[in-house]
Colleague: 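Please find one structure pasted underneath; my questions will follow.
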Amino acid sequence: MPVERPDALPAARRPHRLSGGLPGLLAPGATTDPYRLRLYRLLRTDYPLGYDPALGAWLLSRYGDVALALTDPRFTGYPHDGAPRGRAPVPLGLCRGSLVCGPLTVPWSTAAPAVERTAYVLARRIAGRDRADLVADFCRWLPAGAAAAAAGLAHQDLSSAPRGARHRRAPGGAGDCTGSTALREHALASFLANMLDDPDLLGAATAEEACGEGSGSLLGRAWAETLRRDPPVQIVLRRTRTEVAVSGGTLPADAPVACLIGAAGRDPARFAAPDRFDPLRADADPLLIGPAGCPAALLGRLEAEHGLRALLTAMPGLRWADGFRPVAGGLLTRGPRALLVRPS
């Protein structure tokens, strides 16, 4: 029996509603791994427009529909009009959706060395161990140090800085993005997992760095590919300002819409072999990465590139611990729970 929508929600024309036998996004198991359960695939193929009563929003899972919701002025932010509209910065990737992504409070020439210095301090601490968890020992600390530098604060003692510490707000809205580090932790962990899973890719990136070629272009591509394949934010909420036709029907006006970024980034109608991690893919798309000038996005890429360089410099033989395979978790935000490695 179809799940009935609330009476207060206007009916979509020709809707494809989720059937009673299909688990919603917040059902047990779905939040653990919607990829493994093929939930995203089922939504793209059979339910391109469906209402999820637990989430309280219409679901869009196909790349074309999600791209429309992220860029078309007929959609606005949720839950209020003051949120980003149209091509204004949308809370996507590492951006939290400030109306204006302002510049960092310190010059980029100062922030970048601070990220690099923090990465090498952390990597050297790990290098002497027999076994380490990069999530707990590296990914949670590097963004905190970078956020401190971005906010113009003095370099902190990493042994005492609290995880998720709030930093003072930077002018122009930049603090909204750089002050919260949890998303960058998830993204950095996913990036490192993807790179460590491919020794050939690691070797090519190392060779590129040694030759000084490409200015980190391969690492930059790998970072962008991570945000497509394993986005730290899986769902972005929008709202229709008027009726909008999508592939599964017509959304009513003033309707909450959940853009399933994790599903859109692996839509085979847009990306070849979408489940494969391929930094050199010809069909890369910057849309799902988020605003190009967002300070959090820029810091995230710096943390990924400098972080991996520092780890490989301090531990050239870095590899997975025996028998370990990374497992990602979460739906609203997502990333590996642990990255167990042997430093040498």
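When reading the values below, keep in mind they use all heavy atoms of this one structure, side chains included, and skip hydrogens, waters and symmetry mates.
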Colleague: Side chain of Asp198, backbone of Leu201: donor and acceptor closer than 3.5 Å?
Modeller: yes

Colleague: Does the side chain of Val341 reach to within under 4.5 Å of the side chain of Leu311, using non-hydrogen atoms?
Modeller: no

Colleague: Taking the side chain as everything from C-beta on, heavy atoms only, tell me whether Leu202 gets closer than 4.5 Å to Leu308.
Modeller: yes

Colleague: Taking the side chain as every heavy atom from C-beta outward, state whether Leu332 and Val233 have any atom pair closer than 4.5 Å.
Modeller: no

Colleague: Return the CG to CD distance between Leu192 and Glu303, rounded to the nearest 0.5 Å.
Modeller: 11.0 Å

Colleague: Main chain of Gly317, side chain of Arg319: is a donor-acceptor contact present, judged purely on distance under 3.5 Å?
Modeller: yes

Colleague: May I ask you to say whether Arg239 pairs ionically with Asp254, meaning some side-chain N is under 4.0 Å from a carboxylate O?
Modeller: yes

Colleague: Is there a donor-acceptor pair closer than 3.5 Å between any side-chain N or O of Thr181 and the backbone N or O of Pro143?
Modeller: no

Colleague: As a test of understanding, state which of Val66, Leu237, Asp65 forms a side-chain contact (heavy atoms from CB on, under 4.5 Å) with Cys259.
Modeller: Val66

Colleague: Under the criterion side-chain hydrogen bond (donor to acceptor under 3.5 Å, both in side chains), I'd like the reasoning laid out for Asp197 against Trp320: C-alpha separation, chi angles, the key distance, then a yes or no.
Modeller: CA-CA 8 Å; Asp197 260 348; Trp320 292 130; 3.0 Å; yes

Colleague: Is the side chain of Asp52 donor-acceptor paired with the backbone N or O of Ala57 at a distance under 3.5 Å, no angle test?
Modeller: no

Colleague: Can you name the closest pair of heavy atoms from Ala310 and Ala123 and give their distance?
Modeller: O-CB, 3.5 Å

Colleague: OG1 of Thr242 to CZ of Phe75: how many Å apart, nearest 0.5 Å?
Modeller: 10.0 Å

Colleague: Among all residues two or more places apart in sequence or in another chain, which pass the salt bridge (Lys or Arg N to Asp or Glu O under 4.0 Å) test with Arg124?
Modeller: none

Colleague: Are there over 12 heavy-atom neighbours, none belonging to Arg129, within less than 6.0 Å of that residue's CZ?
Modeller: yes

Colleague: Which residues pass the side chain to side chain contact (heavy atoms under 4.5 Å, CB included) test with Ile289, not counting sequence neighbours?
Modeller: Ala224, Leu227

Colleague: For side chain to side chain contact (heavy atoms under 4.5 Å, CB included), just list the numbers for Leu340 and Leu134, CA-CA rounded to whole Å, side-chain angles, deciding distance to a tenth of an Å, and then say yes or no.
Modeller: CA-CA 6 Å; Leu340 301 182; Leu134 294 183; over 6 Å; no

Colleague: Can you tell me how far the NE2 atom of His306 sits from the CG atom of Leu142, to the nearest 0.5 Å?
Modeller: 9.5 Å

Colleague: Check whether any side-chain heavy atom of Leu196 sits under 4.5 Å from a side-chain heavy atom of Leu339, and report yes or no.
Modeller: no

Colleague: Show the nearest heavy-atom pair for residues Leu331 and Pro34, with the distance to one decimal.
Modeller: CD1-CG, 3.7 Å

Colleague: Could you check whether Asp322 pairs with Arg342 (Lys NZ or Arg NE/NH1/NH2 to Asp/Glu carboxylate O, under 4.0 Å)?
Modeller: yes

Colleague: Kindly say whether Ala69 contributes a backbone atom to a donor-acceptor pair with the side chain of Arg238 at under 3.5 angstrom?
Modeller: yes

Colleague: Rounded to the nearest 0.5 Å, how far does CG of Asp72 lie from CG of Leu70?
Modeller: 10.5 Å

Colleague: Quick check: does any side chain N or O of Arg229 sit under 3.5 Å from a backbone N or O of Asp275, one acting as donor and the other as acceptor?
Modeller: yes

Colleague: About how many Å separate OH of Tyr47 and CZ of Arg62, when rounded to the nearest 0.5 Å?
Modeller: 12.5 Å

Colleague: Please enumerate all residues that pass salt bridge (Lys or Arg N to Asp or Glu O under 4.0 Å) together with Asp200, with sequence neighbours excluded.
Modeller: none

Colleague: Under 4.5 Å between any side-chain heavy atoms of Leu60 and Leu260, yes or no?
Modeller: no

Colleague: Any idea which heavy atoms bring His186 and Pro336 closest together, and the distance?
Modeller: O-CD, 4.1 Å

Colleague: Donor-acceptor check, side chain of Asp283 to backbone of Ala272, threshold 3.5 angstrom: yes or no?
Modeller: yes

Colleague: Any chain of hydrophobic side-chain contacts (each under 4.5 Å) joining Phe138 to Val327?
Modeller: no

Colleague: Report the residues that fulfil ring pair (Phe, Tyr, Trp, His ring centres under 6.0 Å) with Phe271, sequence neighbours left out, ordered by chain and then residue number.
Modeller: Tyr63

Colleague: List the residues meeting salt bridge (Lys or Arg N to Asp or Glu O under 4.0 Å) with Arg44, not counting sequence neighbours, and say none if there are none.
Modeller: none

Colleague: Listed by chain and number, what are the salt bridge (Lys or Arg N to Asp or Glu O under 4.0 Å) partners of Glu225, not counting sequence neighbours?
Modeller: Arg228, Arg281

Colleague: Can you see which heavy atom on Phe191 is nearest to which on Leu219, and at what distance?
Modeller: CE1-O, 3.9 Å

Colleague: Before you tell me yes or no, could you show the steps for Asp137 and Leu122 under side chain to side chain contact (heavy atoms under 4.5 Å, CB included), namely the whole-Å CA-CA distance, both residues' side-chain angles and the distance that decides it to 0.1 Å?
Modeller: CA-CA 8 Å; Asp137 300 327; Leu122 292 170; over 6 Å; no

Colleague: To check you understand the geometry: which heavy-atom pair defines the closest contact between Ala119 and Gly307, and what is its length?
Modeller: CB-CA, 4.0 Å

Colleague: So, do Ile261 and Gln234 sit near enough that their side-chain heavy atoms are less than 4.5 Å apart?
Modeller: no

Colleague: For the residue pair Leu188 and Val135, establish whether any side-chain heavy-atom pair is separated by less than 4.5 Å.
Modeller: no

Colleague: Counting C-beta onward and ignoring hydrogens, is there a side-chain heavy-atom pair between Tyr120 and Arg309 closer than 4.5 Å?
Modeller: yes

Colleague: Walk me through it: do Asp230 and Arg266 pass the test salt bridge (charged side-chain N to carboxylate O under 4.0 Å, His left out)?
Modeller: CA-CA 9 Å; Asp230 304 295; Arg266 299 201 191 188; 3.0 Å; yes

Colleague: Between Arg334 (side chain) and Gly330 (backbone), is there a donor-acceptor pair under 3.5 Å?
Modeller: yes

Colleague: Could you grab the distance from atom CG of Asp133 to atom CZ of Arg131, nearest 0.5 Å is fine?
Modeller: 9.0 Å

Colleague: Could you pull out the closest heavy-atom pair between Ser190 and Gly335, with the gap in Å?
Modeller: OG-CA, 4.0 Å

